[in-house]
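To start, the structure itself, in structure tokens.
Letters A, B, ... are given to chains in the order of the sequence lines, protein chains preceding strands, and every chain is numbered from 1.
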Amino acid sequence: MLRNHSMQEQYDFRAIEKKWQEHWEREQRYSVSEDPSKRKFYVLEMLPYPSGALHMGHVRNYSLGDSLARFKRMQGYNVLHPLGWDAFGLPAENAAIRHGVPPERWTLDNIRIMKKQAKEMGWSYDWDREITTCLPDYYKWNQWFFLQMYKKGLAYRRSGQVNWCEKCQTVLANEQVVNGRCWRDDSVVLQTELEQWYWRITQYAEELLQDLDKLGGWPEKVRSMQQNWIGKSSGTRVRFEIEGEQEAIEIFTTRVDTIYGATFVLLAPEHSLVRRWVDDPQHGPALTKFAEAMKWQDRAARTAEEGEKLGVFTGHFAINPFSNEKVPIWVANFVLMEYGTGAIMAVPAHDQRDFEFARKYQLPVRVVICPVSGELSQPLETAFSDYGQLVQSGPFSGLTSEFAQEKMAAFAGERGFGSPAVSYRLKDWGISRQRYWGTPIPILYCPRCGTVPVREKDLPVVLPKTDQIRLGGSPLATVPEFVNTTCHQCGGNATRETDTMDTFVDSSWYFYRYTAPRLDAAAVDRAAVCYWFPVDQYIGGIEHAILHLIYMRFFTKVMRDMGLVDFNEPVTNLFTQGMVIREGGKMSKSRGNVVAPDEMVRAYGADALRLFIQFAAPPERDLDWNEQGLEGCYRFVNRLWRLVYRFHGRWGTDVNANGIRKGPESRALERKLHQTIRKVTDDLERFHQNTAIAAIMELLNELYPYTEGDAEPRLVKEVLGKMTLLISPFAPHVAEEIGEILGHTESLDSAGWPSYDPELAREEEIEIVIQVNGKIRSKFSAPAGITESEMETAALSDEKVKSYLTDRRVQKVITVPKKLVNIVVR
RNA sequence: GCCGGAGUGGCGGAACUGGCAGACGCACCAGACUCAAAAUCUGGCGGGCCUUACAGCCCGUGGGGGUUCGACUCCCCCCUCCGGCACCA
């Protein structure tokens with residue numbers, strides 16, 4: 001019986017991919033809505049910056065997400081799989097400055113191009129939920145969140161040291177400075193003083209830290225990076241009175257047990273007391289000079305490894321509250337104002353930095369901790385910073401460090417000059433940016449009323465169009481129509497805040513907006529969030545481990561406290577994929593080794609590219625680009641196609657393959673099929689796309705010789721049919737096409753994920769390995785039901801094995817059911 | 001310095017709870033097809049030794065030790081590479 005479904009001999013990926021992309025779009029296959037009768041699954045990938053072209057990193061990220069989304073959809077889940085655009089940011093603005101193109105047009109044009117490319121990859125997004133962060137209906141809600149933060153005291157403005165990127169002409173948050181350089185353009189970050197808006201992320205420091213334990217579905221690496229970033233350390237605060245002053249110095253220490261060895265006190269150059277003492281006729285000039293010098297030194301230089309310890313004496317003395325000893329107060333370059341209290345007690349005998357400082361300025365070193373066993377050879381060559389036993393420490397002498405810390409903190413508490421304290425490295429999030437292409441901060445400055453938040457009903461504060469974008473200063477300040485406004489409280493003249501928000505604000509909550517993207521009355525819809533959240537799988541690059549991924553967690557906690565959501569963490573499982581590299585290094589324009597995805601799509605098709613990028617390496621590892629590998633995947637698709645072509649006229653019309661005559665070859669093939677279904681399913685569940693694809697290749701390799709022999713066409717059809725389903729998450733276009741040839745009338749995502757029959761998957765004949773003293777000496781095959789004692793008997797009577805047993809005594813026989821027999825002889 | 005991850009053929013990698021190391025792909029070699037080439041198909045492919053052959057033996061998962069009948073897998077020490085934090089008190 002011939003069933004001549006028209007099928008091209010050649011695998012024409014251009015025609016096939018176009019056909020199915022149009023089909024999916026026409027049928028709106030991937031639009032979803034809340035459906036309480038179905039289990040939901042939220043697959044989220046980090047939204048791209050619309051730079052103008054997809055790169056291989058995007059292809060990897062979104063192909064991984066798409067395979068998962070398609071897999072879950074076939075398993076019957078209601079899958080939310082959206083994409084949007086992180087559309088505010090510097091490149092648009094820089095393009096405007098260089099080429100005079102308005103940022104909005106540049107951005108929207110780029111989005112158009114990239115959306116087309118995304119569709120050409122065959123990614124199954126619900127495009128009805130697309131969001132674009134630079135549009136007022138989105139950034140309006142950034143402003144709304146700002147106002148809520150302001151109301152709750154989580155947004156505040158202060159003047160202080162900030163990270164300044166000269167190239168970007170704007171301030172950066174601490175998270176955005178990587179090794180003293182700008183995260184975006186790698187240029188050196190300077191310190192300067194500016195008035196800025198901050199968000200009080202530190203208020204959530206402890207919770208952000210504690211909840212890391214709940215993120216079992218996150219990579220250990222990301223959790224430890226966030227833990228390091230939050231940088232909690234527990235210690236003691238102790239107040240040192242100052243001789244002849246009202247004010248006291250608060251110091252923070254993690255080693256209060258060493259306090260009897262504190263021979264001087266150190267202040268950060270920015271400490272308020274230093275500013276007070278600069279007028280001192282004797283020591284003032286030196287202090288001023290020193291503080292000024294520190295001010296202009298960028299942080300990278302000041303905190304460089306093994307930097308020289310520098311300091312000046314203030315002329316003042318502090319009183320150690322434990323020993324009542326009078327010790328000199330110095331200012332030192334290595335004491336940081338932004339950590340702890342900006343002041344430390346220096347214990348040169350037990351802290352290497354203090355030791356070096358004492359040596360340089362000939363300050364006394366006093367040992368107060370000794371190793372519990374052994375002696376400390378004096379004079380010290382280097383600080384002894386281990387825990388030990390206290391000596392020369394008044395009533396605390398003889399205690400161990402651990403015990404003394406507790407006792408001494410309690411003592412300080414009783415006497416009222418100290419208390420246990422916790423310090424965090426995490427700083428508040430500076431969100432002001434001195435650039436144009438971002439969300440305007442909804443604040444007015446009124447000469448009478450002061451700082452006035454814009455009323456919610458007046459949102460959005462629309463970013464004005466302007467052709468005057470220049471570098472230097474906040475561009476919005478040059479747009480009078482924007483700046484000059486009326487204070488809604490007093491009706492008088494007022495000016496607007498001209499800084500814009502950090503674009504990381506946009507990405508801190510966009511994934512909530514996907515659940516109700518066009519909602520006009522609120523930022524998020526509680527019911528929709530309730531249905532879709534938490535995100536079941538988030539996929540993105542590791543570079544956001546302590547940027548976006550910590551801001552996002554912070555935002556969720558704030559939203560919870562606002563009553564918008566009722567959970568603590570937004571993302572259950574996080575996957576960080578590796579980079580796509582080439583010749584051992586990053587793909588970059590400057591290296592001239594960039595491979596453009598659209599060129600690869602043109603040459604080999606999206607399906608082959610999607611297969612390769614998921615096959616070539618485990619997804620968490622870096623992937624070295626290799627076009628010959630891509631060709632290999634292209635060959636694989638062709639092999640599949642050829643087999644379908646060769647057989648498509650030879651099978652019956654019924655899809656269900658009953659009545660198959662089962663010879664041993666057919667049984668073996670059927671077994672392989674069911675084993676493959678099991679493996680691909682398991683591998684997809686545990687994010688091992690590379691081995692899932694390898695398993696499908698193996699199945700095809702087994703199918704080929706079968707078709708050369710006395711093949712059962714209906715079994716061939718069954719195998720091809722199931723294989724098509726297995727491959728459809730990775731290569732959806734060719735899968736749909738083959739599916740249609742095989743008789744599917746609907747898209748494969750409604751075909752259901754194939755299930756396997758454990759009975760059919762089970763091996764009938766198994767190979768048993770025989771070891772003698774742990775070395776493989778022979779093998780035999782046996783029926784699957786072989787018992788352990790049968791295995792043992794067979795092994796001991798094996799011809800090859802016998803020669804190893806002569807003249808020896810069998811001491812022990814170990815059997816592993818269905819696998820191996822190990823004969824231990826002596 | 002502290003924390004985390006990795007190290008397996010020529011290359012990318014596989015081996016889920018200790019049980020046949022090298023699946024799958026690339027590259028390479030040989031054969032078939034072809035006038036020829038490409039494409040395709042078939043076979044080979046860690047190193048060494050041995051044999052006419054069938055086969056067999058030894059070594060081998062960064063290095064060294066250990067646990068175990070048995071270790072890529074577990075434990076200890078070390079080396080190298082990658083990432084985070086770091087004059088953080």
Side-chain angles (χ1 to χ4, degrees), chain A residues 178-179 219-233 235-236 251-256 258 266 268 302-309 332-336 338-347 350-354 356-357 385 423-425 542-543 545-546 611-612 615-618 620-633 635-636 638-639 642 679 682-683 685-686 688 690-701 704-705 708 767-777 779 800 811-825:
Chain A
V178 181
N179 295 324
E220 177 62 41
K221 183 174 187 176
V222 174
R223 288 190 289 165
S224 93
M225 281 168 76
Q226 291 209 357
Q227 191 179 329
N228 283 337
W229 188 256
I230 294 167
K232 179 180 181 176
S233 72
T236 315
I251 61 106
F252 174 78
T253 180
T254 54
R255 292 296 303 273
V256 69
T258 66
L266 295 174
R302 182 163 147 195
T303 62
E305 4 78 74
E306 300 304 309
E308 201 190 359
K309 307 284 174 286
N333 62 342
F334 68 91
V335 179
L336 306 172
E338 62 270 27
Y339 187 78
T341 59
I344 63 169
M345 64 175 197
V347 185
H350 306 293
D351 181 286
Q352 189 56 31
R353 296 154 297 172
D354 300 347
E356 286 166 29
F357 193 86
S385 48
S423 224
Y424 298 94
R425 223 188 59 90
I542 187 75
E543 66 274 16
I546 45 179
L611 277 167
F612 173 68
F615 170 73
E620 68 279 7
R621 245 188 269 180
D622 284 352
L623 183 156
D624 208 338
W625 178 260
N626 170 9
E627 194 164 332
Q628 284 173 326
L630 172 56
E631 273 176 52
C633 285
R635 273 200 287 273
F636 164 62
N638 272 286
R639 261 162 74 77
R642 259 195 309 279
K679 176 148 180 67
D682 291 352
D683 283 353
E685 294 286 5
R686 57 185 189 134
H688 285 203
N690 55 329
T691 50
I693 293 167
I696 301 169
M697 288 173 169
E698 272 187 67
L699 179 60
L700 184 64
N701 289 347
Y704 251 87
E708 296 295 329
E767 198 173 30
I768 308 287
V769 171
I770 311 172
Q771 297 181 336
V772 178
N773 286 347
K775 295 202 172 186
I776 295 151
R777 296 302 178 190
K779 295 171 185 177
K800 276 184 227 150
Q811 209 178 355
K812 196 160 97 178
V813 179
I814 289 142
T815 54
V816 179
K818 296 176 186 181
K819 280 198 175 141
L820 126 174
V821 181
N822 188 11
I823 304 163
V824 184
V825 298

Any heavy-atom pair between the side chains of A/L266 and A/D354 that's under 4.5 Å?
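With C-beta onward as the side chain, the pair touches.
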Name the pairing partner of B/G83, where a pair is Watson-Crick or G-U wobble with both distances under 3.5 Å, or state none.
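The answer is B/C3, by the H-bond criterion.
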Give one of base, sugar-phosphate or nothing for [X], where a contact means two heavy atoms less than 4.0 Å apart.
X: A/K779; value: base
X: A/I693; value: nothing
X: A/N701; value: sugar-phosphate
X: A/G632; value: sugar-phosphate

A/R639 and A/L700: which non-hydrogen atoms are nearest, and at how many Å?
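Smallest interatomic distance, heavy atoms only, reads CB-CD2, 3.8 Å.
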Take atom P in B/C50 and the same atom in B/C57, then report the distance between them in whole Å.
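Looking at atom P only, B/C50 and B/C57 are 16 Å apart.
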Could you work out which one of [options] sits closest to the side chain of [X]?
X: A/E767; options: B/A89, B/C20, B/A15; value: B/C20
X: A/R353; options: B/C20, B/C88, B/C24; value: B/C88
X: A/S233; options: B/C41, B/G19, B/A89; value: B/A89
X: A/A694; options: B/C3, B/A23, B/C69; value: B/A23

Under 4.0 Å between a side-chain N or O of A/K221 and OP1 or OP2 of B/G5?
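Looking at the OP1 and OP2 atoms of B/G5, neither is under 4.0 Å from any side-chain N or O of A/K221.
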State whether A/R621 places a side-chain N or O below 4.0 Å from either non-bridging phosphate oxygen (OP1 or OP2) of B/G5.
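For B/G5, OP1/OP2 do not have a side-chain N/O of A/R621 under 4.0 Å.
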I'd like to know if A/R353 pairs up with A/E356 as an ion pair, taking the criterion as any Lys NZ or Arg NE/NH1/NH2 lying under 4.0 Å from an Asp or Glu carboxylate oxygen.
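Salt bridge between A/R353 and A/E356, a charged N being under 4.0 Å from a carboxylate O: no.
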